Every structure is written in structure tokens, then in C-alpha cells.
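Here is the structure we will look at, set down as C-alpha cells.
Being a predicted model, the structure only gives us computed values, none of them experimental. A, B, ... follow the sequence lines: proteins, then strands. Residue 1 opens every chain.
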Protein chains: 2
Amino acid sequence: MATIKDVARHAGVSSATVSRVLMNQGNVSAKTAAAVQKSIAQLGYHPNALARQLRRQHTQTIYVIIPSIDNTFFSEVYRGIESEALVHHYQAFLVNTNNDKNQENLFLSALVQKQTDGIISLSAAAATGVIERQVAGLPMVIACQYLEDGSLPNVAIDNIAAAKEAVTHLLDLGHRNIGCLSGPATNVLYRDRLTGYLRALAEHDIPVNMGYVSYGNSTLQSGYDRGLELLLGHPEITAVFAAGDVMAIGSMKAARRLGRRIPQDYAVVGFDDLDITRFCDPPLTTIHQPMFEIGKYSMQTLLDLIEGKPTQNQRLLEYRLIVRESTVEHA
Amino acid sequence: MATIKDVARHAGVSSATVSRVLMNQGNVSAKTAAAVQKSIAQLGYHPNALARQLRRQHTQTIYVIIPSIDNTFFSEVYRGIESEALVHHYQAFLVNTNNDKNQENLFLSALVQKQTDGIISLSAAAATGVIERQVAGLPMVIACQYLEDGSLPNVAIDNIAAAKEAVTHLLDLGHRNIGCLSGPATNVLYRDRLTGYLRALAEHDIPVNMGYVSYGNSTLQSGYDRGLELLLGHPEITAVFAAGDVMAIGSMKAARRLGRRIPQDYAVVGFDDLDITRFCDPPLTTIHQPMFEIGKYSMQTLLDLIEGKPTQNQRLLEYRLIVRESTVEHA
DNA sequence: AACAATTCTGATAACGATTACATTTTGAGT
DNA sequence: ACTCAAAATGTAATCGTTATCAGAATTGTT
């Protein structure tokens, strides 16, 4: 690979001059600039980003930590991040932790070493790791989740209120025995959504049966498994609130297998509003999260952080309940 | 951030010694090693990867180019890549091009500059860009697709044979008017699958009606749109071969909307065997691709390339038809 | 033609690590 | 104690850039 020196020699100038045209910060005559450009093209020269970044002490690069790459929810948030990064000439890279603590640790220390300008984590768990490891100081924002000690800026929706609205929708339809398919209790997100579920019940003076809430792991299969259990163990349940569309879809299959018709015998509401929910049979009633915007604002916040501007510590975006055909008045 | 010099000073040794314990390549007494380790811990030192890589001239890093991050097919392939990378102490990063030529170009030149050790592209289009730009020389392999001039190693399945098998399955069930939901004709993958479709028909002496083939863009929506068109324009069609599960699922909604029962009135077979296909209603008959293995072998091939070992230029893995409930004997 | 002000350009010191080579220290064997 | 090889350490060059500073070339003004 050609280096800047090769170009300099080829163009008959010093490497400083080549660097100047590379950075095009003026102060170089049109003639030599042209000559240098020509040499660059002829030699197929590409500046070495490593060397440049080492010298400049910043990378114009951010990394996004994603807990599980196969969830399209995260992909959409990522797209928002990416598009915003692009307009600010930052480059976004993705790391996938597979929900694996080991992997997270590995990546985090790798990222610190990589001298990235900033990190957006879509997992509060990973973020906790960072802080324990005292690599704070590296600009970082959390998207979709948040740290309970509020130590890092975050952008998300109000999950408690949203979940409450979803469950209230079921209550308004006359359902009284409502199951809850939650995610891992270690995750704030699912704790909040569970809280919303409980509050909605409380507001309608419905006694809580903790047997109605089941904890899955956000996969289709666990939506199916937990959904099956729920219906088998509590046949009186007529509706379910799933704290994620993926689990909702899994549970719909479980209901069908038990001969329940959706929505007549079993109403289901999801959470997230993934693309696929419009193509289910029946289309899923769910909470819409502005995924793209969450990504976009996360990136904006990160940029503020990088540039040392003051930032809002918590940014809550708008959600909304989208009623489709998977919920109907209780018979 | 503490540098190696800080550690050296703190431990009362030279930076060379610190480097030696960092690389733990022996030749340093247990006593000083311990002292250095202690200083490292105390100062919270992390080696600067940029500097290290600049000096060592390799990064232990590979990048994976993904055309669209929201397709779970790619995620699964990526997981295979990642797991294999991990055991070889390589770090895999992801870049998403959103099927956008501009983005691809941007990323590619960025990657060259980043001095990565290698690239795995899940898009032949991106790979073509690389070659035009004469940044060959950078180890690179293509997964799932291939370049028609055979200039880069690739690992995939035999898409022609697989598509042919899928369509033959429909023919064996007695279907004669079979639609084809293809992807962009610019993509070898879809051209191959279309070829498979045509060959199956030819083998059964069924005249081809090119009106039966429609070109979508691999989204749920386009599966729906093209599927609707197909059924509206050619109501005599009783089965469809979709060159991707995502489009298959979209088209199922279109069929339902027109009052067709699946599979009785309309049989559909997909391609890929995404997780979601098991949770559709009805579960989708499809071609299973060994996504994880494709990823794994791609990474192995890339490593061989990096280490200068001889590599197999084309590796075809096994696929298989999985018959579920979306296909049934033609009435 | 002389001079100052301006614009270009080149030498060189960083950035933070690794490593070849030189040097010192250690320790075993006598 | 002395020698000598082996082990441990230090010095300094290097990776490919950018940025500071100083010097050279150009321009404009009188």
C-alpha cells in the first residue's frame, strides 16, 4: 500500500504538503494541489486511518452496542442512529453481544482501546459494565433503556405509561383475566412494562394474580412456550399483554394450537410495532415506538456529549397505541 | 488516558518492558511483571489499539458488510461469522449498507483506510465495488452470493438446485399454475432462484408464462404488493414460489385479503427458513439454508486467506426442503 | 528596486505503541 | 572469586499521519 511519503516523492513535494491537500485546509497553490491529486490517483493512495486517528486523537467513529442482532426492533433504531451519524460525517459500527455478558465485556474493553469517539448502547446491562470498569469519560448514551442511577443520558419512551395504556385498552374491552408475557426481570425495560400492567389493573380495582405473569426471553419460541403454559395453567385468561411483539407472535401460535380463536377467544396486544405485526394473522394491536427517532436523537445526544455541549439527561419520545385486529370486545 | 509511558514511569521500568508484559512473550522476571501489572491496574491503563495496530501492521479485526440489517437471515449468518471469529481472537464488526450503493462506496473506502485484516461481504454488489476500485489485495470473501467472474472465494448453497427442488415440490403436489415472487434481477441470488424455477417447469414440460413472475425487493410490503398483483392479474394461479421467506409472508397476507385459504386455495413455499416461518399461520414450507454454517465457513475461508493458505474458491453447503403446512396437494 | 505582507512549502516533532539490537544483570559451574 | 551463557532490561527506530514552526517564494506598494 502506498503511503503519504510515496505520494510526496512521486509528486516531488514534501509529505506535509500532501497532508495539506488531503485535509484540504487551503494554503497550497492550485498547481501543486493538482499535481498531488494526480499522484494520489495514480498510486491509488488511501490515507491510513490508524495513523491519522492516532495523530488527530479522534476517530470520527462511534460504536453501537446491540444486545441481539436478530431483533428487528434494534435494527430500526440502528438505522436512525446511522442516518444521523452520516450527516455529521461520523461512521457507525455495530457490535452484537448476543445478550452475553462475556461478549459484552470483551467488546467494551476492545472499544475503549479502539479510541472510539463515543458509544450508544441499546442495553443498560452493557452500560453498567462500562461504569463498573471505570471507563467512564468515554461519551456514551443509552437508547431504549436507562440506568436506574441516572448516570448516563438516555432516550426512550415512557414504558410504564405505554404498557399501562396497552393493558387499559384490554380492560376497556371488558377483559378481566389478563395475562402478561414479560421479559427477563433483570431488564429495566420489562420491569417497567410489568409495572404498567400492574398499575392498569390497580386502577380498575382488579386483584393481581401473579400466576398470570410469565417471564420469557424475547424470542418467538419463548413466547410460544410461556404462552402455552399460561393458557394451560389458567384457562380463564381471555387476553394477554406481551411486553414485546416477538413474544406476542410466539404466543399467538400457542393460542391457535389450543384451538383458541384470536381475537374472539383470546385477545393479544404486543409492544414495539415491528413491521411484521402488520402481516400477522390477525394483524397485531401493539404499542408503536418511534424506533428511528429514538436512534436519531440518541445520536444527536451523543454528538452533544462529544462536543462538550450540555445535554438533556433523559429524553422521552412519544409512543402510541395502534389498534389492529388482534383485540376485540370481550364476549 | 494513561499511556504506556505512564505505566513505565509508575512501575520504574522502561516502556519496552511494559510492552513485553502486555504481549506476555516471556523474558521478563516474575517480580517486575507483577509490579507492572500492579501499575497497569492502578492507573486503569488500556493499550491504545490504534498505536498498536499501526505498529504491528495488522488489526485482528474483520468487517462484515450487510446489505440490510433488518433481515434476520443476515443476522444469523453474522452470528456464525462472529462465533468463528471469536475462537480465533478476531473481532468482527458490522456495517450496514441499507442496499444503498452510495453507502457501500463510502464504507468500502473507509474500510480500506481502517486497515482491517479482512472483509466478508454478504452482498456481491458491494464486492464488485471493491474490485473496481482496485482495492483488491485486501482479503475478502463473499457469503451467500458470489461474483460471476469467480474472482473472490465464496460460500453459499446451490440456489438453482434449491429453487428447483422447491418448485418441483409444488409440481409434485399437482400444481400447474405456479407464480414466482422474485427479488431484484440485478442480484445473482434471485437470478439463480428464478433459473431454478424455470428449470423445474421445463423438466415437467410446463410452458413458461413470464407474467407469472414478479420482482419485489425482499420486504414484507413488496411481498404483499407483488403477491396481490399476481393473484389479481392471474387468478388461475394456485401456488407461488417466493424467493425469500420475507416476501412469502407478505404474499400470504395478500392471499388472505383476497379470501384465498392457505394452503387449500393457494400453496406457498418460501426460501431461507427464517425462525418466523415456524410461527406463521400456517407454518411455511421453505428451503432451509444453513445460515450459521455459511457464516462460520466464510470466516474460516477468510482466515485462510489472511494467513496466505490455499483456499477453496467456491464452497457449496447443504440445503434442504422443509415441508410444513403452507403447501398441500392441489385440489 | 526595495520592502513588507502574504502565501506556500519543508523539516521535524509528536501521537502511543512494538521490536531489533545493545547492554546490563543474574546465576550456574568451576 | 571468575567466567560465560542466558535472562532481563533499556535505547531508539519505526509504523503513517498531522501540526507547529520557520524559511522560501510570491505578490503588491511605493
Side-chain angles (χ1 to χ4, degrees), chain A residues 1-37 39-40 43-61 109-117 135 138, chain B residues 1-37 39-40 43-61 89 109-117 135 137-138:
Chain A
M1 289 274 288
T3 77
I4 200 174
K5 280 190 185 167
D6 298 325
V7 176
R9 187 162 31 241
H10 187 275
V13 298
S14 77
S15 54
T17 298
V18 177
S19 176
R20 273 186 280 257
V21 344
L22 249 35
M23 309 259 77
N24 58 345
Q25 34 98 245
N27 274 347
V28 34
S29 78
K31 190 163 17 136
T32 48
V36 169
Q37 290 289 10
S39 298
I40 287 175
L43 298 179
Y45 166 75
H46 288 273
N48 181 322
L50 259 31
R52 166 177 294 180
Q53 292 166 1
L54 176 59
R55 181 62 229 251
R56 306 280 293 293
Q57 296 288 70
H58 73 277
T59 59
Q60 289 285 322
T61 275
S109 63
L111 289 187
V112 182
Q113 297 180 14
K114 266 197 171 295
Q115 317 297 115
T116 183
D117 289 355
V135 293
L138 187 57
Chain B
M1 289 275 290
T3 75
I4 199 173
K5 279 190 185 166
D6 299 323
V7 176
R9 188 163 30 242
H10 186 275
V13 298
S14 77
S15 55
T17 300
V18 176
S19 175
R20 275 186 278 256
V21 345
L22 250 36
M23 308 260 77
N24 60 344
Q25 38 94 246
N27 275 347
V28 36
S29 80
K31 188 161 18 130
T32 49
V36 168
Q37 290 289 11
S39 299
I40 287 176
L43 298 180
Y45 166 75
H46 288 272
N48 181 320
L50 259 32
R52 167 177 295 180
Q53 291 166 3
L54 176 58
R55 179 61 230 249
R56 307 280 292 295
Q57 296 288 71
H58 71 279
T59 59
Q60 288 285 321
T61 274
H89 302 101
S109 64
L111 290 187
V112 183
Q113 297 179 12
K114 267 200 170 295
Q115 317 296 118
T116 183
D117 289 355
V135 294
L138 187 57

Taking atom CG of A/Asn24 and atom CD of A/Gln37, what is their separation to the nearest 0.5 Å? 8.5 Å
Out of curiosity, B/Gln60 CD to B/His89 NE2, how far, rounded to the nearest 0.5 Å? 9.0 Å
Grab the [atom1]-[atom2] distance between [X] and [N] for me, whole Å please.
X: B/Lys5; N: C/dA13; atom1: NZ; atom2: P; result: 13 Å
X: B/Gln57; N: C/dG16; atom1: CD; atom2: P; result: 18 Å
X: B/Asn24; N: C/dT19; atom1: CG; atom2: P; result: 12 Å
X: A/Met23; N: D/dA19; atom1: CE; atom2: P; result: 7 Å
X: B/Leu54; N: C/dT18; atom1: CG; atom2: P; result: 11 Å
X: B/Asp6; N: C/dG16; atom1: CG; atom2: P; result: 9 Å
X: A/His58; N: C/dG16; atom1: NE2; atom2: P; result: 15 Å
X: B/Asn27; N: C/dT23; atom1: CG; atom2: P; result: 18 Å

Under 4.0 Å: is that the gap between some side-chain N or O of [X] and OP1 or OP2 of [N]?
X: A/Ser15; N: C/dG10; value: no
X: A/Ser29; N: D/dT26; value: no
X: B/Thr17; N: D/dA8; value: no
X: B/Gln53; N: D/dG16; value: no
X: A/Arg56; N: D/dA19; value: yes
X: A/Thr3; N: D/dG16; value: no
X: B/Arg55; N: D/dT14; value: no

Of the options [options], whose atoms approach the side-chain atoms of [X] most closely?
X: A/Val28; options: C/dT9, C/dA11, C/dT19; result: C/dT9
X: B/Arg20; options: D/dC21, C/dT18, C/dA20; result: C/dA20
X: B/Arg52; options: C/dT19, C/dA17, C/dG10; result: C/dA17

Are the side chain of B/Asp117 and the backbone N or O of B/Thr59 linked by a donor-acceptor pair below 3.5 Å?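 Checked: pair present.
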Counting N and O atoms only, with roles assigned by atom type, does the side chain of B/Thr116 sit under 3.5 Å from a partner on the main chain of B/Thr61, one being a donor and the other an acceptor? yes
At how many degrees, to 10°, do the end axes of the helix from C/dA1-D/dT30 to C/dT30-D/dA1 meet when each uses five pairs? 40°
Identify whether any heavy atom of B/Ser19 sits under 4.0 Å from a base atom; if not, whether one sits that close to sugar-phosphate; answer base, sugar-phosphate or nothing.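 Base contact.
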